[in-house]
Amino acid sequence: MQKQLSTYLKRLGFSPSMKGYWYISYGLKLVHENPNLLLSITKRLYPEIASAFNTSAVGVEKGVRLSIEYAWLNAVMLLLYFWISPPAV
């Protein structure tokens, strides 16, 4: 499952060089094991991820937010690239 998850995250534009990638990956693993964690993300999920990575819940939230922003900006740039100069057919 971890390899498949890693493939999906990379396809979505998440970079393994960012801490948030690893927080998201671990968080998805935790949610897969216990879906109820989604009911209290900031109170339960982020602290669990933080304890696994020896950081704070605020640090996890920031890392996740930055990784999502990075993936989103990369996707927008890729779309603009193909819109401005479509591949030759």
Treating Ile, Leu, Val, Met, Phe, Trp and Tyr as nodes and any side-chain heavy-atom pair under 4.5 angstrom as an edge, say whether [X] and [Y] lie in one connected cluster.
| X | Y | result |
| --- | --- | --- |
| L38 | L9 | yes |
| Y70 | L66 | yes |
| Y46 | V31 | yes |
| V58 | I49 | no |
| L73 | M18 | no |

Closest non-hydrogen atom pair between [X] and [Y], with its separation:
| X | Y | result |
| --- | --- | --- |
| E48 | Y26 | O-CE2, 4.3 Å |
| L37 | R44 | CD2-NH2, 3.6 Å |
| L5 | S25 | CD2-O, 3.5 Å |
| P47 | A57 | N-CB, 4.1 Å |
| S67 | G20 | OG-CA, 3.1 Å |

Open item on the list: So does S51 get a backbone contact from the side chain of T55, meaning a donor-acceptor N/O pair under 3.5 Å?
Closed with: no

Task: Backbone N/O of G59 and side chain of S56: donor-acceptor pair under 3.5 Å - done: yes

Open item on the list: Could you tell me if Y21 and S6 have a donor-acceptor pair between their side chains, going purely by distance under 3.5 Å?
Closed with: yes

Task: Option passing side-chain contact (heavy atoms from CB on, under 4.5 Å) with L45 (candidates V60, L30, L39) - done: L30

TODO: Quick one: which residue pairs count as a salt bridge (Lys or Arg N to Asp or Glu O under 4.0 Å) with a foot in residues 9-29, not counting sequence neighbours?
DONE: K29-E33

TODO: Tell me, yes or no, whether the heavy-atom count around F53 atom CZ, taken from other residues, nucleotides or ligands under 6.0 Å, exceeds 12.
DONE: yes

